[in-house]
Participant: 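Quick one: the structure is below, and I'll ask about it shortly.
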Amino acid sequence: MAKNLPVPDTDLYALLGLNPEASHKDIKKAYRQKALTCHPDKNPDNTRAAERFHQLSQALAVLTDASARAAYDRVRRAREAAAKRTQRLDDHRKRVKLDLEARERDAQSRISEEEERRITRNLEEEVRRLRDEGSRQLEEQQRLVREQILREAAGGRSRHGDVIPETLGGPSKEAGGSATRLKLKWKCKKGDAECGGYSHEALLCLLQKYGTVVTLIMSTKKRGRAVVEFADLRAAELAVKNEVGLVENPLKVSWLEGPPPPPKEARPENGPTFEGPGRSERDFESLVMMRMRQAAERQRLIEKMQQEDEQDENT
């Protein structure tokens with residue numbers, strides 16, 4: 001939801017690197033390109049990146065709504081015209097016709113101020129409407145950004161070759177592989193914009209109370225289906241046991257590949273430690289191999305969901 005959007009003072013087109021004649025498609029494309037570089041999940045410790053992401057979201061919300069964009073364009077043109085009028089005034093003209101121009105400016109300023117207040121009020125009303133109703137364009141583009149980040153995380157690397165942090169879906173030391181993955185099902189009619197009451201944000205809100213959610217992937221072809229991976233097995237067990245979703249549209253939560261096996265007995269404290277020369281090299285190799293396997297499993301999970309969606313469409 002596009003909440004608490006103030007009336008913008010900055011040039012929203014310049015913020016996105018566009019000119020005022022940019023098309024709807026160009027605006028969304030520019031937003032995705034810039035939002036990916038300053039998304040809070042990719043810059044958890046950079047407050048300036050979070051502020052920049054908020055400004056980009058505001059620009060998308062206003063410029064992808066026809067009524068709000070028209071109101072913003074009127075305010076922008078009025079401000080540009082006022083700046084040009086001020087620039088045209090020179091010292092000589094002000095000295096020669098000071099009294100006359102003072103009266104003219106006073107009368108004109110009242111008219112201009114009233115006009116600017118009127119069109120500013122119009123823009124404020126449009127921004128309030130966006131805040132109350134929510135910007136579907138903003139939600140859609142932010143969803144696309146999240147999905148692209150998840151796809152990059154599934155491969156284990158970002159576009160620039162940097163390792164994805166574990167908070168974005170990379171391998172977790174506590175994760176139990178497929179043992180912490182659950183499948184979610186609910187009823188969702190074709191063409192339902194609310195997705196049966198279960199948006200990406202709504203599912204996260206329901207599931208995060210059990211523990212850290214590593215990855216949440218919603219099916220793009222078969223509506224009413226998703227896969228979630230928790231950071232630890234206990235969180236997954238609690239979700240399977242307790243989560244029922246909405247009363248009017250229950251959520252079915254089950255294990256993706258069957259329930260996990262019972263835990264093995266812990267090694268005695270006085271058991272062998274296997275310490276010796278070359279242990280650090282072997283541990284490092286084991287860690288690398290484990291993360292490669294987990295990344296391959298994530299990719300296989302995404303491909304499996306796509307194959308199941310295609311099979312459901314053919315039947």
Participant: Begin from the C-alpha positions of Glu229 and Val213 and carry the test side chain to side chain contact (heavy atoms under 4.5 Å, CB included) through to its verdict.
Facilitator: CA-CA 6 Å; Glu229 179 178 350; Val213 174; over 6 Å; no

Participant: Side-chain contact test, heavy atoms from C-beta onward, threshold under 4.5 Å: evaluate it for Ser254 versus Leu182 and give yes or no.
Facilitator: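 No, too far: nothing below the 4.5 Å cut-off.
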
Participant: Among all residues two or more places apart in sequence or in another chain, which pass the salt bridge (Lys or Arg N to Asp or Glu O under 4.0 Å) test with Glu201?
Facilitator: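 Once residues adjacent in sequence are excluded, the partners of Glu201 under the salt bridge (Lys or Arg N to Asp or Glu O under 4.0 Å) criterion are Arg146.
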
Participant: Counting only pairs under 3.5 Å, give me each side-chain donor-acceptor contact of residues 235-242, with atom names and distances, residues two or more places apart or in other chains.
Facilitator:
residue, atom, partner, partner atom, Å
Asn242, ND2, Leu238, O, 3.1

Participant: Restricting to non-hydrogen atoms, name the atom on Leu56 and the atom on Ala35 that form the minimum distance, rounded to 0.1 Å.
Facilitator: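 So the minimum-distance heavy-atom pair works out to CD1-N, 3.9 Å.
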
Participant: Thr212 versus Phe230: any side-chain heavy-atom pair under 4.5 Å?
Facilitator: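 Result no, sub-4.5 Å side-chain heavy-atom pair not found.
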
Participant: Heavy atoms only: give me the nearest Asn43-Ala49 pair and the separation to one decimal.
Facilitator: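 Looking at all heavy atoms of both residues, the closest pair is CB-CB, 3.6 Å.
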
Participant: Using 0.5 Å steps for rounding, measure from the CZ atom of Arg181 to the OG1 atom of Thr215.
Facilitator: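 It comes to 8.0 Å.
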
Participant: Does a side-chain heavy-atom distance below 4.5 Å link Leu207 with Leu184?
Facilitator: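 They are in contact (side-chain heavy atoms under 4.5 Å apart), so the answer is yes.
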
Participant: State the OH-CG distance between Tyr72 and Asp65, to the nearest 0.5 angstrom.
Facilitator: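 The distance works out to 14.5 Å.
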
Participant: Using side chain to side chain contact (heavy atoms under 4.5 Å, CB included) as the criterion, list what pairs up with Arg77, not counting sequence neighbours.
Facilitator: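 Result, side chain to side chain contact (heavy atoms under 4.5 Å, CB included) vs Arg77: Asp73, Arg74.
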
Participant: Measure from the side-chain N and O atoms of Arg223 to the backbone N and O of Asp192, and report whether any donor-acceptor pair falls under 3.5 Å.
Facilitator: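 A pair under 3.5 Å: yes.
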
Participant: Can you measure from NE2 (His39) to CG (Asn46) and round to the nearest 0.5 angstrom?
Facilitator: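 The distance works out to 13.5 Å.
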
Participant: Using salt bridge (Lys or Arg N to Asp or Glu O under 4.0 Å) as the criterion, list what pairs up with Lys187, not counting sequence neighbours.
Facilitator: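 By the salt bridge (Lys or Arg N to Asp or Glu O under 4.0 Å) rule, Lys187 matches no residue at all.
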
Participant: Under the rule for side chain to side chain donor-acceptor pair (under 3.5 Å), what residues qualify as partners of Ser67, not counting sequence neighbours?
Facilitator: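 Scan of Ser67 (side chain to side chain donor-acceptor pair (under 3.5 Å), adjacent residues dropped) gives Glu126.
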
Participant: Determine, stepwise, if the pair Leu203 / Val228 fulfils side chain to side chain contact (heavy atoms under 4.5 Å, CB included).
Facilitator: CA-CA 9 Å; Leu203 287 173; Val228 61; over 6 Å; no

Participant: Quick one: are Asp232 and Thr180 in side-chain contact, heavy atoms under 4.5 Å?
Facilitator: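 Counting from C-beta outward, Asp232 and Thr180 never come under 4.5 Å.
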
Participant: Using the salt bridge (Lys or Arg N to Asp or Glu O under 4.0 Å) criterion, which residues pair with Glu80? Sequence neighbours excluded.
Facilitator: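 So Glu80 forms a salt bridge (Lys or Arg N to Asp or Glu O under 4.0 Å) with Arg76.
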
Participant: Shortest non-hydrogen contact from Leu36 to Lys42?
Facilitator: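 Of all heavy-atom pairs spanning Leu36 and Lys42, the closest is O-CD, 3.4 Å.
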
Participant: Report yes if some heavy atom in the side chain of Ile27 is under 4.5 Å from a heavy atom in the side chain of Arg69; otherwise report no.
Facilitator: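 With C-beta onward as the side chain, the pair touches.
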
Participant: For a quick test of reading the model, state the closest non-hydrogen atom pair linking Cys38 to Arg52 and the distance between them.
Facilitator: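 Cys38 and Arg52 have their closest heavy atoms at SG-CG, 3.7 Å.
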
Participant: For Arg48, I'd like to know if atom CZ has over 12 heavy atoms of other residues, nucleotides or ligands within 6.0 Å.
Facilitator: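 Incorrect, the count does not exceed 12.
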
Participant: Just by distance, do the side chain of Asn19 and the backbone of Ala22 share a donor-acceptor pair under 3.5 Å?
Facilitator: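 Answer holds: yes.
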
Participant: Show every ring-ring contact (aromatic ring centres under 6.0 Å, His included) that has at least one partner inside residues 196-222, sequence neighbours left out.
Facilitator: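 Residue pairs with at least one partner in residues 196-222: Trp186-Tyr198.
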
Participant: What's the separation between atom CD in Glu21 and atom OH in Tyr13, rounded to the nearest 0.5 Å?
Facilitator: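 Output value for this atom pair is 8.0 Å.
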
Participant: By salt bridge (Lys or Arg N to Asp or Glu O under 4.0 Å), which residues pair with Glu194, not counting sequence neighbours?
Facilitator: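 Once residues adjacent in sequence are excluded, Glu194 has no partner under the salt bridge (Lys or Arg N to Asp or Glu O under 4.0 Å) criterion.
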
Participant: Taking only residues at least two apart or on different chains, which pairs with a member in residues 22-32 satisfy salt bridge (Lys or Arg N to Asp or Glu O under 4.0 Å)?
Facilitator: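 Every candidate salt bridge (Lys or Arg N to Asp or Glu O under 4.0 Å) pair involving residues 22-32 fails, so no pair, neighbours aside, qualifies.
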
Participant: For a side chain to side chain contact (heavy atoms under 4.5 Å, CB included) check, start with the C-alpha distance between Arg225 and Cys188, then their side-chain angles and the critical distance, and finish with the verdict.
Facilitator: CA-CA 9 Å; Arg225 294 181 63 183; Cys188 180; over 6 Å; no

Participant: Provide the closest heavy-atom pair for Gly196 versus Leu246 in the form atom of the first, atom of the second, distance.
Facilitator: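 Nearest pair, atom of Gly196 first, then Leu246: O-CD1, 4.1 Å.
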
Participant: Which residues satisfy the side chain to side chain contact (heavy atoms under 4.5 Å, CB included) test with Pro250, sequence neighbours excluded?
Facilitator: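 For Pro250 there are no side chain to side chain contact (heavy atoms under 4.5 Å, CB included) partners, ignoring immediate neighbours.
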
Participant: Say you draw a straight line from CD of Gln58 to CG of Leu12; how long is it, rounded to the nearest 0.5 Å?
Facilitator: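 Interatomic distance, Gln58 CD to Leu12 CG, rounded to 0.5 Å: 6.0 Å.
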
Participant: For Glu115, give me all partners under side chain to side chain donor-acceptor pair (under 3.5 Å), at least two apart in sequence or on another chain.
Facilitator: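 Only Arg118 meet the side chain to side chain donor-acceptor pair (under 3.5 Å) criterion with Glu115.
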
Participant: Can you find a heavy atom in the side chain of Leu16 that is under 4.5 Å from one in the side chain of Leu63?
Facilitator: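 Side-chain contact under 4.5 Å: yes.
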
Participant: Roughly how far apart are Asn249 CG and Lys189 NZ, rounded to 0.5 Å?
Facilitator: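 Reported to 0.5 Å precision, the distance equals 10.0 Å.
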
Participant: State, to 0.1 Å, how close Lys34 and Gly17 come at their nearest heavy-atom pair, and which atoms those are.
Facilitator: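 Shortest heavy-atom contact: CE-N, 3.9 Å.
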
Participant: Do any pairs count as a salt bridge (Lys or Arg N to Asp or Glu O under 4.0 Å) and have a residue in residues 205-216, sequence neighbours left out, and if so which ones?
Facilitator: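 Listed by first then second residue: Lys209-Glu243.
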
